[in-house]
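A short worksheet on the structure shown next.
The sequence lines fix the lettering, A, B, ..., with proteins before strands; numbering per chain opens at 1. As the structure is a prediction and not an experimental result, all values here were calculated from the model.
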There are 2 protein chains.
Amino acid sequence: MAARNPDKPAAREPKAAKKRGAVPRRPGRPTGGASAVDQRNRLIDSALALFAQQGIADTTLAAIAKAAGVTPAMLHYYFKTREQLLDVLIDERFLPVRKSIEEVFEANADDPAAAISLLVQRFMSIAEEYPWFASIWMRGVLSEGSLLKDRIRERFGDAHQKSAFQCIVRWQAEGRLSADLEPALVFMSLLGLTMLPLTAVKMWRDDPLRRELGAKEIARHALALLMHGVGPQLPAGKKLKKQVS
Amino acid sequence: MAARNPDKPAAREPKAAKKRGAVPRRPGRPTGGASAVDQRNRLIDSALALFAQQGIADTTLAAIAKAAGVTPAMLHYYFKTREQLLDVLIDERFLPVRKSIEEVFEANADDPAAAISLLVQRFMSIAEEYPWFASIWMRGVLSEGSLLKDRIRERFGDAHQKSAFQCIVRWQAEGRLSADLEPALVFMSLLGLTMLPLTAVKMWRDDPLRRELGAKEIARHALALLMHGVGPQLPAGKKLKKQVS
DNA sequence: ATATTAATTAACTAGGTAATTAATATACGG
DNA sequence: CCGTATATTAATTACCTAGTTAATTAATAT
């Protein structure tokens, strides 16, 4: 919570100062156009964007309202409390995405290489469609205490997680997956090779060396690492394996 | 309390009834033991622990003082301001560690595999010696705006980062490192396979499947992945189903 | 006309927050 | 054994902030 603001805006006077010569947006029901359900979705979108940018704990209702061009009271009108806004976010936005991730694992329970590479690609397409996802998830991984993770587990359970774990153990037993891997860390590694860089590149917009990086490069890099490690692919041999792009 | 009217009692009575019958710790120079430099270090340690736990922005001076069992005024005494505390943290704790990371890269500029595996091990020993490091660094990677990253760069520059980048490019040109890797993402991948899980496991203390994970398991897993990818290693002397990679 | 809905303004509540002071207790050099 | 330097607490100052509610206004539907 940044509370250190040296410039003092006087005291308790009426707000008066309306910037934005454009449209001061007078009170009362607005004319036509934006339906209630649209407004609600716009508020949710604003909330997700800000949560991704600065974290959940550091985002106030006032900030969300401002980003959406409305007053804080609107948030209460549509979501009643801050807590309920979080619940709505989880139910309507997070759970569907998470489900689509787990589906990939379950649809390829008999082919580790396919499961992993499809998972990487799924991560990438999710990140493209929902720009808030990577950042919020990564933030969730390194705490945010109970704000999201516990809440999600509460609504979702961890049955899927367990079955994925057993899947990995089975692959190893069948000799189809490196036995040196730690089953409980496989998923975290995928995160670390996809969601983490995806989140990081957003902070690199002004770094000359890394400005050009996008989802495509990240996916290529992650898949190369996952499939062969860091070593060169043709170790002095002549046999050219076919290279999947 | 935004009370506009401060009817001043002005009298300075002791707060009375301090909880904790133990030791209310009256003012005045304490008897023996804790030297000034010890106290200073204890305060720094408390700050780092809290920063790692809840992030820098969400940690107040009062919280740090409380964690160290002293009053907020102590922080003022030793560090003058919050900003200066951050500067001290960076100079005395962060930069030495970061330097020790970059040394590994430079000491092994002619051997990619050694550089990478030593780097992984260095990460692990750092994380063991300085439990705050992984969490604070990871938080820094995904934003915290300018709180740390810019400050560190200001004091440290990014010459090392650039030379590491060129080192990777050279390895690729020499055919000693997979050409499918993205040079700018190699370091991030190491982070994602070490610091990220290290940070995450601290949150998994109550997860039955993942409670047992420690630095050793993470290092093993990361090295396996980095060296060979997810595929099974071909054990000598036994033929197994052909794996078209 | 009336009721309902969507939205705004303005204020209130309750709690931080960093910084600084005055008082106080001990340690230490002379 | 006394004065001064050091270390520490209690208390205060002077703010800022967030979430929430109440009153109100205007557009629309009945």
Side-chain angles (χ1 to χ4, degrees), chain A residues 1-18 23-40 42-43 47 50 54 56-66 68-86, chain B residues 1-18 20 23-40 42-43 47 57-66 68-86:
Chain A
M1 273 84 165
R4 296 156 279 284
N5 200 352
D7 53 331
K8 33 154 59 183
R12 199 176 271 256
E13 303 282 294
K15 260 291 163 55
K18 270 290 145 199
V23 240
R25 192 72 162 91
R26 307 203 347 265
R29 182 168 183 160
T31 160
S35 75
V37 89
D38 282 351
Q39 275 294 47
R40 205 183 100 109
R42 282 191 47 237
L43 291 177
L50 283 174
Q54 5 166 10
I56 295 174
D58 291 342
T59 301
T60 68
L61 292 183
I64 298 168
K66 195 175 162 195
V70 298
T71 63
M74 282 291 306
L75 273 306
H76 290 95
Y77 182 73
Y78 281 108
F79 306 104
K80 203 65 193 164
T81 70
R82 191 180 204 272
E83 295 285 285
Q84 283 188 52
L85 168 62
L86 285 180
Chain B
M1 265 70 156
R4 287 275 152 264
N5 187 5
D7 47 297
K8 45 201 347 271
R12 187 180 283 266
E13 287 174 37
K15 251 297 166 51
K18 269 283 147 219
R20 294 270 186 285
V23 238
R25 192 71 160 92
R26 298 184 20 248
R29 182 166 183 162
T31 156
S35 76
V37 86
D38 282 353
Q39 273 298 47
R40 207 182 97 108
R42 280 192 48 234
L43 291 176
D58 292 342
T59 302
T60 67
L61 292 184
I64 298 168
K66 197 175 163 194
V70 297
T71 63
M74 284 292 312
L75 290 164
H76 182 64
Y77 182 73
Y78 282 108
F79 306 104
K80 203 68 193 164
T81 71
R82 196 187 141 93
E83 295 285 287
Q84 283 188 51
L85 169 61
L86 283 181

Closest to the [X] side chain, choosing from [options]:
X: B:R82; options: D:dT8, C:dA18, C:dA7; value: C:dA18
X: B:A73; options: D:dT8, D:dG19, C:dT20; value: C:dT20
X: A:V70; options: C:dT8, C:dA6, C:dA19; value: C:dT8
X: B:L61; options: C:dT8, C:dA18, D:dT20; value: C:dA18
X: B:H76; options: C:dT20, D:dT21, C:dT8; value: C:dT20

Distance below 4.0 Å between [X] side-chain N/O and [N] OP1 or OP2:
X: A:Y78; N: C:dA7; result: yes
X: A:Y77; N: C:dA7; result: no
X: B:Q39; N: D:dT8; result: yes
X: A:T60; N: D:dA18; result: yes

Could you give the [atom1]-to-[atom2] distance, from [X] to [N], as a whole number of Å?
X: A:I64; N: D:dG19; atom1: CD1; atom2: P; answer: 8 Å
X: B:L75; N: C:dT20; atom1: CG; atom2: P; answer: 13 Å
X: B:R42; N: D:dA7; atom1: CZ; atom2: P; answer: 14 Å
X: A:Q84; N: D:dG19; atom1: CD; atom2: C1'; answer: 14 Å
X: A:M74; N: C:dA10; atom1: CE; atom2: P; answer: 18 Å
X: B:K66; N: C:dA18; atom1: NZ; atom2: C1'; answer: 17 Å
X: A:L86; N: D:dG19; atom1: CG; atom2: C1'; answer: 13 Å
X: B:D38; N: D:dA7; atom1: CG; atom2: P; answer: 11 Å

Secondary-structure notation, DNA chain D, from Watson-Crick and G-U pairs under 3.5 angstrom (| other strand): ||||||||||||||||||||||||||||||
With side chains defined as the heavy atoms from C-beta onward, is the minimum distance between A:L43 and A:F79 less than 4.5 Å? yes
Show, in sequence, the C-alpha distance, side-chain angles and deciding distance for A:L61 and A:H76, and conclude whether the side chain to side chain contact (heavy atoms under 4.5 Å, CB included) test is met. CA-CA 9 Å; A:L61 292 183; A:H76 290 95; 3.7 Å; yes
[X]: partners by side-chain contact (heavy atoms from CB on, under 4.5 Å), with sequence neighbours left out:
X: A:K80; result: A:Q84
X: B:A65; result: B:V70, B:P72, B:L75
X: A:A73; result: A:T71

Distance from A:K66 atom NZ to A:T60 atom OG1, nearest 0.5 Å? 9.5 Å
